[in-house]
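Worksheet for the structure shown next.
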Amino acid sequence: MPADFNWAIGGEAGDGINSTGKIFAQALSRAGRHVFTSKDFASRIRGGYTAYKVRTAVNPVQSVVDRLDVLIALTPRTIDENLNELHDGSVIIYDGERTTMEDVEIPEGMIGLDVPLKRLAEDAGGAIMRNVVALGAACAVTDFPIENLDSALEKRFGSKGKALVENNKQAARSGRDYVVSEETPELPYSLETTDADYVLLNGDEAIGMGAIAAGCKFYAGYPITPATNVMEYLTGRIEQFGGHVLQAEDELSAINIALGAARAGARAMTATSGPGIDLMTETFGLVATSETPLVIVDVMRSGPSTGMPTKQEQGDLNMLLYGGHGEIPRFILGPTTIAECFWKTVEAFNLAEQYQTPVYVAADLSLAVTEQTFTPDTFDMDDVEINRGRVVDEQAVDRWQNEKGQFQPHALTEDGVSPRAFPGTSGGAHMSTGLEHDELGRRTEDTEMRVRQVNKRNQKVETARTEEDWSPREFGEKAADTLILSWGSNEGALREAIDTLAQEDIHVRFLSIPYLFPRHDISDAIETVDQVIVVECNANGQFADIVEHDTLSRVDRIIKYDGVRFKADELATKIKQKLVTLTAWVQIYDLLTSSPINNQRGVLDAVISGPWMEWWKHWRIQATVQMTRLLSLGLAARGRLEHTCTRMRSMVFTDGHSPLEPV
């Protein structure tokens, strides 16, 4: 049996797929196993294919992979959707008594277990428990102690009464006993349990938990996939710490209400997705101009417009960087793991108040909906530090008053940060406006004051650039000739891909970028390598464009925008393809530059028609054809040819589609 085990349940929206998957993930977690989940769900209440996948191992897992060992198929489509991940020996659990499943065909080499899920559930108390029967069958298939499932069932149904919990336990045992009693072939799966203690949570929950830990006292939001769970997590919890949640009528109201709470002195936050950010942008400018600390979470999804609300994408980066009329100072933090969703939220509140500037937390759907296990000390509250910035009280307020005793909330300072007085502070009464203003916050069109206030607001970002640590997270081989750059939820899949490549003696360096603005200067890292590959989930390579802009270097791109997250084995393959491409190009270049001038055309002909013919069938030869044309025009001087080859080499990866890339 492989070190990891991969399980899934699939059916239609409304079949209880999500709750069933989470119950099994919790059972595995409580059994001391690491868990990493993935959800595929349609943006509708009922109908449409939905699946919940769980990857589990005794050691940490950070990504999904293209392999399924056990599949609970509630519909024939579930099997079809997962054929490419099923393998010889995979077990498919289904209910052959259902009309839609009675003629189901189990692919050759796989093991079909026909379990009467609905009938057994009815015997245990109700057909609605058929998925729990399937979980019991999965316990039998994997030799997983059903007592661990009991614990998860108690957590899920405990609030609904003991009788319901017992019915579900009986349903699970009926599924297990049915599989055990049937003559099934010997199965290769046995899930080891440990005494380890893990926390299981998703990115939205981690953001909510981070907000509470950071002292957030007010949240205003409007439900939108995939950010709604932030509000759901906070509701009923933040009140225990003196906070409040308000569901607004729309995103415009949400950010304006949160702005009001922040002006009143509360740590405040709102969360939304791309369409909500569109609506919030005007108020975002007011937040920055009034120098109000506010945290805004953008849980990205596929766009534009309504797009695919339940699918993965990292397409909002340019909007977060440049959105809003005029020039607006801001910070953008991009958590790269579920644990970082917690810590970056804490950091966002500190930055917002230290620099009196709005802070975006740029998460994405894969982070938001994925459940993963962590040791409890990953979220050690003793490590949480709260910095409320330059807040002044009655004893210090007079330092920031003018000669008339008026408080100056927009005082010009060397570092750009002005004093902040909460409402009710004696001597600290003031106003602020979205109009350009003077140090008192009063509107002005004085040209000199306009320039000084703009410079002051921008200076806060420059001060933070030098005062704070914006370093990337680093993995892999530091001395490698290839550098991988990425951001957001891709980190886990890339780390596993890098480990896979290292086993094949292929070594790369990986920088995971958690700070999108301001950014760490990676010019030195790029100058020391032969190839740079940027990995991200959008169509245009938005972060790759930023890297090229910042470093004046061309980069290669691995992009994906089909709504599905990257997988570890997928990335390992794509990175190898890029490395092969570069290697082939260098070989061609070396052949050319090491050959006599009068033989270079012959070298190119040999490359196209000689022993590399089979290789070229699978690769575009645009670059070689371009060189052939240049030679035919009579560019005989070696220096000119070498210059042309070097220039073309730098052009190979300008748009993410190498001239030598597979067709």
Side-chain angles (χ1 to χ4, degrees), residues 5 7-24 27 46-47 49-54 68-83 86 89-150 152-153 156-157 163-191:
F5 171 80
W7 171 97
I9 180 170
E12 291 192 354
D15 283 344
I17 302 300
N18 185 64
S19 58
T20 306
K22 188 151 190 175
I23 289 170
F24 193 55
R46 293 198 65 85
Y49 175 70
T50 299
Y52 190 110
K53 299 182 180 181
V54 177
L68 271 180
D69 302 309
V70 173
L71 173 65
I72 297 174
L74 301 184
T75 61
R77 181 180 174 183
T78 301
I79 299 174
D80 295 336
E81 290 281 349
N82 293 280
L83 270 178
L86 294 166
S90 288
V91 176
I92 301 174
I93 299 170
Y94 68 101
D95 186 350
E97 292 184 0
R98 295 191 67 188
T99 304
T100 57
M101 299 295 288
E102 59 185 1
D103 296 325
V104 71
E105 294 185 7
I106 302 301
E108 185 178 354
M110 301 172 196
I111 301 167
L113 293 184
D114 186 351
V115 181
L117 303 177
K118 182 179 179 182
R119 174 158 54 86
L120 293 175
E122 289 172 338
D123 293 343
I128 196 172
M129 294 184 293
R130 64 168 181 161
N131 292 4
V132 178
V133 175
L135 289 179
C139 288
V141 168
T142 58
D143 195 25
F144 183 64
I146 204 163
E147 292 75 18
N148 294 304
L149 187 61
D150 290 344
L153 290 171
R156 178 69 178 83
F157 300 110
L164 184 61
V165 172
E166 292 304 316
N167 285 346
N168 276 276
K169 288 182 179 179
Q170 180 56 40
R173 279 162 175 75
S174 66
R176 178 199 61 180
D177 295 344
Y178 185 89
V179 172
V180 170
S181 65
E182 292 294 300
E183 293 185 5
T184 57
E186 185 175 347
L187 302 172
Y189 306 114
S190 180
L191 296 181

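Between the CZ atom of F157 and the CG atom of N168 there is a distance of 4.5 Å, given to the nearest 0.5 Å. Taking OG1 of T75 as the start and CD of E12 as the end, the distance is 6.0 Å to the nearest 0.5 Å. Note: D114 CG to R98 CZ = 12.5 Å, rounded to the nearest 0.5 Å. If you take CD on E166 and CG on L153, they are separated by 10.0 Å, rounding to the nearest 0.5 Å.
Contact check for V104 versus M101: side-chain heavy atoms found under the 4.5 Å cut-off. Between L135 and L149, the closest side-chain pair of non-hydrogen atoms falls below 4.5 Å. Inter-residue side-chain proximity for T50 and N18 is flagged as unmet; no heavy-atom pair is nearer than 4.5 Å. Side-chain contact between V141 and L113 is present, with at least one heavy-atom pair separated by less than 4.5 Å. No side-chain heavy atom of I111 sits less than 4.5 Å from a side-chain heavy atom of S90. Counting heavy atoms from C-beta on, the side chains of T142 and W7 never come closer than 4.5 Å. Looking at heavy atoms from C-beta onward, T78 lies in side-chain contact with Y49 at the 4.5 angstrom threshold. For the pair D143 and L187, the minimum side-chain heavy-atom distance is 4.5 Å or more.
The ring-ring contact (aromatic ring centres under 6.0 Å, His included) test with F5 singles out one residue from F24, F144, Y189, and that residue is Y189. Of the residues listed (T20, I72, I23), the one engaging N131 in a side-chain contact (heavy atoms from CB on, under 4.5 Å) is T20, and it is the only one.
The two residues I92 and A73 come nearest to each other via the heavy atoms CG2-CB, 4.1 Å. The two residues G10 and I17 have their closest heavy-atom pair at C-CD1, 3.8 Å. Considering every non-hydrogen atom in both D95 and P116, the closest pair reads OD1-CA, 3.5 Å. V132 approaches A171 most closely through the heavy-atom pair CG1-CB, 4.3 Å.
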Go through the steps for T100 and R77 under the test side chain to side chain contact (heavy atoms under 4.5 Å, CB included), then give the verdict.
CA-CA 10 Å; T100 57; R77 181 180 174 183; over 6 Å; no
Evaluate side chain to side chain contact (heavy atoms under 4.5 Å, CB included) for R130 paired with L74, printing each intermediate quantity in order.
CA-CA 10 Å; R130 64 168 181 161; L74 301 184; 3.9 Å; yes
Evaluate the criterion side chain to side chain contact (heavy atoms under 4.5 Å, CB included) for residue pair L71 and I93; output intermediate values, then yes/no.
CA-CA 6 Å; L71 173 65; I93 299 170; over 6 Å; no
Sequence neighbours left out, cut at 3.5 Å: what donor-acceptor pairs do the side chains of residues 117-129 make with other protein atoms?
| unit_1 | atom_1 | unit_2 | atom_2 | d |
| --- | --- | --- | --- | --- |
| R119 | NE | E97 | OE1 | 3.2 |
| R119 | NE | E97 | OE2 | 3.2 |
| R119 | NH2 | E97 | OE2 | 2.6 |

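Within the structure, side-chain hydrogen bond (donor to acceptor under 3.5 Å, both in side chains) contacts touching residues 169-178 (residues at least two apart or in different chains) are D150-R173, E154-K169.
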